[in-house]
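Numbered from 1 within each chain, the chains take letters A, B, ... in sequence-line order.
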Amino acid sequence: MSVQRILRERFCHQRLPDRPVGLESQYKHLLELLRRTAVHGESNSVLIVGPRGAGKTMLLRCALRELLELQEVKQNVLQVHLSGLLQTDDRIALKEITRQLHLENVVGDKVFGSFAENLVFLLEALKRGDKSSSRPVFFILEEFDLFAHHKNQTLLYNLLDVSQSAQAPVAVVGLTCRLDVLELLEKRVKSRFSHRQIHLLSCMSFCQYLDAFRSELALPDDFPDSKFSQEWNLNVSELCEEKSVQEILQKHFNSCKDFRSLHLLLLLALTRVSVSNPTLRAVDILEASRMSSADSKANILHGLSVLELCLIIAMKHLNDIYEGEPFNFQMVHNEFKKFIQRKSHSIHNFEKPVVIKAFEHLLQLELIRPVDGGVCKVQREYQLMRLMLDHTQVMEALQRYPQCPTDVKQWAISAFG
Amino acid sequence: MSGYYTKLRARRTYRWEGKPTSEDRKLKRRYYGSLSIAVDRRPAEAVVSVGQYILIEGHDDDNPFVAQLLKLGDVRFMQVTHVQWFVRMCEIHQNKRKLLGRSPHPQEVFYYQDRSCDNEVDAETILGSVQVCVYKAPFPDRENKDTLFVKLVWDTKAFRIMDPELFQPPQSPKSPPPYQHAPRVRALPTPDPTVMKRAMIGVHTRSSMSTGKMGTSEAESAHSASKLSAAKVLNMKRRSRISSNPNIRKKLDLCSPSKKLTRGDVLGDILGEDQDTEEDLAKKLGSSPPRRISITIRMTPLQNPSRSSTDEECLSVQALDSPAKPTSTALDNTSRNVLGVQPLDDDVFELEPALVSKGRTPRKREATPRQPSLRAPKAEEHEDSPIQTTATPRSKRKSAQLVSFQIRKQLSRDELQSDGEDADDDCFVPAKIDLESSSDEEEEVKIDSEDELIVKRSRCTAGSKMTRTAANSRASARTPRKTPSKKAAPTTPRTPRHATPSIPTRSLPARKPENVLEEARARLHVSSVPESLPCREQEFQDIYSFVESKIMDGTGGCMYISGVPGTGKTATVHEVIRSLLQAAEQDEIPHFRFIEINGMRMTDPHQAYVQILQKLTDQKATADHAAALLEKRFSMPAPKKETTVLLVDELDLLWTRKQNVMYNLFDWPTRRHARLVVLTIANTMDLPERIMMNRVASRLGLTRMSFQPYNFKQLQQIITSRLNRVKAFEEDALQLISRKVAALSGDARRCLDICRRATEICEHSGQQGGTKLVGMSHVMEALDEMFSSSYITAIRCASLQEQLFLRAVIAEFRRLGLEEATFQQVFVQHQGLCRMEGLQPISVSEGLAVCQRLGACRLLLLEPSRLDLLLRVRLNVSQDDVLYALKAD
C-alpha cells in the first residue's frame, strides 16, 4: 500500500524537509557563512550545537543543498564528511580526509603511508592553496566533541589553524549536542576557533507540534488516488481535533520535543493501517503510545514465574526494611520462608535448590545485580545483591500480572511481610 | 640524476697521494700535493691535486659546489682543504640573478668573492675534479659537458669582469690533465651556470702531479676511458673490492705501482714541478718581477680592501716563491716521506700564517718569516678565527690519541728507517687491530648503524693500504658527510611517489569583496596578513636584534617566547623573519635559512627531526636516521654554511619522557659549527621550570620573552590598523569590543572574530534599515552570541519532563545535602513533582531517557548508563542558574 510506503519513507529515511521548520535565523546564518567560504574564499569555523534530534544535520544538509544549487558553488566546493563515531582517532580521520579530497597520494580508493606522512602531506596541500585560487573545502565534523578527545587534538588544531591563516579556504563545521563543547577544547585550539556557535534549541509550542503532526501525516497532492488522499488528509485533521489524541501528543510533547520521537510514534501507529482498516484511528495512536512508553522492566516482570515474583517482593520488603542496603540470597530466602509459613495453603513450598535456581534466573535477567561486579569469593548464597527495580515498577507489574495469587498481592502491598 | 646520487651513496675513500709537501708543526698540519679519491665499484681512482678545480659535495646532488683547490692539508686526523669557491647561477640568490643582465650559459660559473664565506673544507666532501676555463669572448657553442666557464666575478653584490690574473689555470688549458675527465658528467647538465670561487694562485701549482703519479693517473684514466663515467666505474670497482676479500682489496692499491717511486724520481718530479710553477707564474705576471718589487706590490693592496687587488698581491707572492728553498725542503720532505713520517722543515713556521689566513689567500711559501706577518691584514684576522675554530674541535676530542701519536713520532724518528710504517700506523693501529672500536672512537659524531658499517669497511681499506703504500696515504676513512638513506624500496609501491600535495584549483575565481562591510570583513579576518604589527614593537625589536646579531656573528642561540594564545607570538616572529629576509636580500646581513616546525603539526615529537631534515635538505628519513643526520650536520664544519633560523612553535608538545627532542633542539645551537638560532614558542611562561629537566632548561638559556595579553587600547589599535581607514565601525562599538575582549582574555583572534561577526549582523540588519556602519547594537548582539552561556536558554527550551527532572534533581540535592544523587532517588522526587503538576507520572524507562538526554547536553553529568537505577547524577550548571531559568519560565 502506497500510503504506508510514502509515510514510512518519510519517517524512516529522514528525508529533508523543503525548509527547516522553526530554525530560519540559524539557517540563514549558516547558509551565509558557507556561501562566503564557497564564493569569497573566506575561511570560517562554526559549531552547531543542539540536543539530539534538534535537527542539526538536517539544517546543515539543507544549507548544503541550497548552496549546491548554485552552479558557481557546485563546481568549486569540496566536501569532507567526518564523524567522531567513525573516525575514532586522528590517523583514521586523516586517511578519510585524504580519501575524500582525492589528493594525489590516493590510490584507487585507499590511502597508504604512515600517519606522519599523511599529516604532512595534507597540511602541505592545504598550505599550498590560497584564498583566491584553490577550491574551498567544507569539513563537516559530526559528533565534534569526540574529536576533542583525540590525542593532543592535532586534527582540530590543524583544521582550525588552516581556517585562521591564509591557506586554502576551508569551512570547519562541527555538529555536537554538548553545550560545553568549548570547554573540551585545548586553549590553543580554542583560540583558533572563531567562537561562532549556532544553537538549535527548539522553543516549539504545543500548537506547532500539533501542526507538525498534521503535516507529517498528510499525503502529498500528487498522490495517485486523489480521492483516497483527500479522505486520508481529512481523517488526519479530525484526529488532531480529537481529545484523546491530543492528550497523547501532549504527553509526548512534554517528555520530548524532537521530531524523531514523533516519527517513532507515528510509525508504530502506521503499522496498524491496512487494507481492511484504511484510516488511522485514535486507538492506533493510543496503542502506539502505550507501546513506546511502556517500561521495559515491567514487561520483563510479566514473564516471571510466581516464585520469582515472590522473591522480588521479598527483596522489595528487604529494601524497605533496610533502606536500600544490599541483601544476599539467604536473607531473601528467609523472608520468603516466613511468607510461606503464614500462607502455606496458597503457595507450594519450594525446595531450596529450586529457589536458588529462580534467584539465579533473576540475576541473569539483571533484575538483581551483585554489588561488587560479581567477582566475589564468598558463597553464592551470601553474595550481596541489589535490586534494580523501583518500588513503583514492582507494584505496577503486580497489578497487571495475569492470575496473580491474591495472597502474593496482599503480601506485596502490606508494609511488613 | 641518479648518477650523482649513486655516487653520493657510494663510499668514497680518500687517500693522500704522494708525500706531504710541507708541514706546519705548530698547527699539526701537513700539506700534500694531491688527494686520490677512490669510489666503490669504480676501477680507477680520481686524483685531485692542488690548483685543480674540484667539485664539492653540497646540498644539491646535481649541482655540487665548484672550487679550486688551494691547499690540501691534514690537520691532526682531519683532512682539510683550502679552496677558492666558484658559484653556480643557481646558488646565487634569486633576486640577484637579474643583475647579470643576460641569460647565463648553462655551464657558466662565477668567481666568488665573499669574505664571509668559509673556505676551509673537509676533504671528504670532495667529489672529484672538473675543468674550468676562462672565457672572454662569447661562450663556445660546443657542448662539452665537462667544462665550466668563468667569465665574471660575483662578490655577492654585483657581477664584475674577471681579472684574468685572478684566474690561474692549474696548467695550460690546452693540456688538461687526463684525470680531470674523471667523474663529472652529470654535474654540468644543470640549467643554471655556477659561480665559482676560484682559487687564488694555487701556490703549489702542483696540480699536475709528479710525473710518476701522472703516469698512474693516466693509466687509471685510460683504464676507465672506455667507460661512460669514470665515477661510476670507480664506484663499481670499489664495491666489488669491498665485497670480496682483503686480498682483492689490496690489489687496487697495488695497481698503482708507480707510487712506489724511487726517491730520485720523486725528487726530480718535485723539483721540476716547482720550477714549472715558477715559470708559469712569472709568465703570468708578465715581467716576472723580482722579489722586492713583489713585496711592495703586496704592501699596497693592504690598504685596498678590494678583493681583486688582494688577489694580485697573492699572485705576486706566488711569483716570488722561493724556487730554491722549497725544492730543497721538498727534497728533504720526500726523502723522509718515503718512510712515512711527516718531516718538519723550516718552511713550516712560515706557512703558519698562511694557514691561519683564510684559504682564499693562497698558500704561500715565503722564504722569510716576516712576509707573512706583513701580509696578514687586520681585516682578515677576524675572519680567520672561525676557521681556526673549525679545525680545532675535532682534534680536541682526539687529543689523547694525538698526544700519544706525537710522542711516538718523536721517539721513533730515529727508528723510522727500520720501522717505516710505525708512525702512521700508530694512529691507525686501532683501525687495524680492532676496527670496530677505532671507528667508534674516531667518529665523534653519532652515526647510525648504516654509517657505521661504511666506516668500518673503509677503515679496513685504509688500514690495509697503510701497510703497503707510502706512509702519507692517510686516506680518509670517514664517510661522506651526508649519507643519503639507502632504503630505496618504498613501503607502498602503489602509492605515487611524487604526489604533489595540493588542493585542486577552483574552476571559478573567488569573488572580490563588493562593499565596505565585506572589505572590512576581509581585512579583519585573522588570516589576512597586516602590513605591520601594532603594539608589538618592543617585542619585535628584541627578537629582531637577537636573531640579527646571531646571524651577523655566525653563532647560534636559543630564545624562548611565551604568552597566552592570540597575543601575536607567531605573527611577530614571522614578521621578524620577513624583515630579516628582506635585509638579507639587500645584503645588509648574510643570508640565512628559515625553517618552521610546529609541535601540533606532528604526530609524534620525534617527527620534529624528520621535518627539520626535510626542510633543510629535502631528504626523507626515519626519525632516528634524521636525528643522526642532523646531529652530524650541526656538529661538523661545512662549506658555505648559512645560519639556520629554526622556529619551534608549540614547544610543549615536543615533550617526551626523556626529553631528548628538546635537549637536541637546545643543544645544537651551542655547537660551534651549528650556526643555528632556535626560537621557541609556547604558552606557559614557566615551561622550562615546570617540565624541563635541568640539563634541558640550562641549554635553553635565559633569553626569554613573554608576550602580555593585549589591553583594550592595543586591541583597538589593532583593529583600527587592520581596517586601515575603511570606515565600517562606530568608534564606540570598537571600544566596546576591545574592552570586552581585554577584560576576558586579551586574545586578538577573538577580538577580530567578534568584529567580523558584528559586520555580518550589521549586513543582515542593514538590508532593511539601510545603515552601513556597525553600531553598538550589532556589536552587542555579536558579543552576546559569543560570550553568553547557552545553558540557560537550553534549559528554557527543554521539554517539560526534562525541566521537571532538573527540578527533581535540585530537590533531591537539597534533601540529601549533597551535590550527588542516584537516579532512583531523583526519580522518586520526579514522580512526586509530576503528581504535583498534575501530569501523568512517567515510567522508569522514560525517566531514564529524559535523564540521558539531559546528560548528552551536559546539563547533567552522568555515570555510564549501565548502572541503570543506581547511576549517579550531578548537575553541570549551578543550581541558581537552573532555578533562574525555570522560574522565568
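Remark: B/C857 SG to A/L179 CG distance equals 5.0 Å, nearest 0.5 Å. The line from OG of B/S790 to CG of A/L200 is 11.5 Å long, rounded to the nearest 0.5 Å. Of the inter-residue distances, the one linking A/N299 atom CG with B/S845 atom OG reads 8.0 Å to the nearest 0.5 angstrom. The distance from the NE2 atom of B/H764 to the OG atom of A/S25 is 11.0 Å, given to the nearest 0.5 Å. Distance check, rounded to the nearest 0.5 Å: CG of A/N254 to CG of B/L839 gives 5.5 Å. With values rounded to the nearest 0.5 angstrom, B/M600 atom CE is found 4.5 Å from A/R188 atom CZ.
Judged purely by atom type and a 3.5 angstrom limit, B/S799 uses its side chain to pair as donor or acceptor with the backbone of A/S255. Checked by atom type and distance alone, the side chain of B/T603 never pairs as donor or acceptor with a backbone atom of A/F115 at under 3.5 Å. The main-chain N or O of A/E42 is never found under 3.5 Å from a side-chain atom of B/H525 such that the two would form a donor-acceptor pair.
Residues B/V610 and A/E117 are not in side-chain contact: their nearest non-hydrogen atoms beyond the backbone lie 4.5 Å or more apart. Using a 4.5 Å cut-off on side-chain heavy atoms (C-beta onward), B/R853 and A/C256 make contact. At least one side-chain heavy atom of B/R756 sits under 4.5 Å from a side-chain heavy atom of A/R196. The shortest side-chain heavy-atom distance between B/Q611 and A/V120 falls under the 4.5 Å cut-off. Put simply, the side chain of B/L870 reaches to within 4.5 Å of the side chain of A/M388, judged on heavy atoms.
Contact of A/L123 with chain B is made through the side chain alone, with heavy-atom distances under 4.5 Å. Only the backbone of B/A798 comes within less than 4.5 Å of a heavy atom in chain A; its side chain stays farther off. Neither the backbone nor the side chain of B/I754 comes within less than 4.5 Å of any heavy atom of chain A. At a 4.5 Å heavy-atom cutoff, the contact between A/K251 and chain B is made by side-chain atoms alone. Looking at A/V189, only its side chain comes within 4.5 Å of chain B, counting heavy atoms on both sides. Only the side chain of B/V850 comes within contact range of chain A, with heavy atoms under 4.5 Å apart. Using a 4.5 Å cut-off between heavy atoms, B/N876 touches chain A through its side chain atoms alone. At a 4.5 Å heavy-atom cutoff, the contact between B/L859 and chain A is made by side-chain atoms alone. For B/F827, the part lying near chain A is the side chain, with the backbone staying farther off; criterion is any non-hydrogen pair under 4.5 Å. For A/E247, no part lies under 4.5 angstrom from a heavy atom of chain B. Of the atoms belonging to A/L389, it is backbone heavy atoms, and not side-chain ones, that fall under 4.5 Å from chain B. Of the atoms belonging to A/S163, it is backbone heavy atoms, and not side-chain ones, that fall under 4.5 Å from chain B. A/E32 touches chain B through its side chain: at least one heavy atom from C-beta onward sits under 4.5 Å away, while N, CA, C and O do not. The part of A/H199 that comes within reach of chain B is its side chain, from C-beta onward, which places non-hydrogen atoms under 4.5 angstrom from that chain.
For B/R601, the salt bridge (charged side-chain N to carboxylate O under 4.0 Å, His left out) partners are A/D161, not counting sequence neighbours.
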Q.
Pair A/R52, B/Q852 - check side-chain contact (heavy atoms from CB on, under 4.5 Å), show working.
A. CA-CA 10 Å; A/R52 297 217 179 272; B/Q852 293 292 351; over 6 Å; no
Q.
Under the criterion side-chain contact (heavy atoms from CB on, under 4.5 Å), I'd like the reasoning laid out for A/Q164 against B/R749: C-alpha separation, chi angles, the key distance, then a yes or no.
A. CA-CA 9 Å; A/Q164 295 260 307; B/R749 284 194 193 108; 3.0 Å; yes
Q) Between B/L800 and A/F253, is a side-chain contact (heavy atoms from CB on, under 4.5 Å) present by the stated rule, with each step listed? A) CA-CA 8 Å; B/L800 194 60; A/F253 175 74; over 6 Å; no
Q: Give the intermediate values and the outcome of side-chain contact (heavy atoms from CB on, under 4.5 Å) for residues A/F193 and B/D753.
A: CA-CA 9 Å; A/F193 172 60; B/D753 280 330; over 6 Å; no
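Most heavy-atom pairs under 4.5 Å with chain A, from the set B/E785, B/Q840, B/Q824, B/R750: that is B/R750. Heavy-atom pairs under 4.5 Å with chain B peak, among A/D145, A/L182, A/D90, A/T154, at A/T154. No other option in A/Q197, A/R386, A/R369, A/Q153 has as many heavy-atom pairs under 4.5 Å with chain B as A/R369. Looking only at heavy-atom pairs under 4.5 Å with chain B, the residue among A/K187, A/R178, A/R91 that has the most is A/R178. Counting heavy-atom pairs closer than 4.5 Å to chain A, the top-ranked of the candidates B/Q831, B/Q614, B/E760, B/E802 is B/E760. Chosen from B/L752, B/I842, B/N683, the residue pairing most often with chain A at heavy-atom distances under 4.5 Å is B/N683.
Of all heavy-atom pairs spanning A/D180 and B/R858, the tightest one is OD1-CG, 3.3 Å. Residue A/K257 comes nearest to B/C797 through the heavy atom pair NZ-O, 3.0 Å, listed as atom of the first residue, atom of the second, then distance. Considering every non-hydrogen atom in both B/M786 and A/S194, the closest pair reads CE-O, 3.5 Å.
Donor-acceptor pairing under 3.5 Å is recorded for the side chains of B/R757 and A/H29.
Ion pair B/E650/A/R192 flagged as a salt bridge, since at least one NZ, NE, NH1 or NH2 atom sits closer than 4.0 Å to an Asp/Glu carboxylate oxygen.
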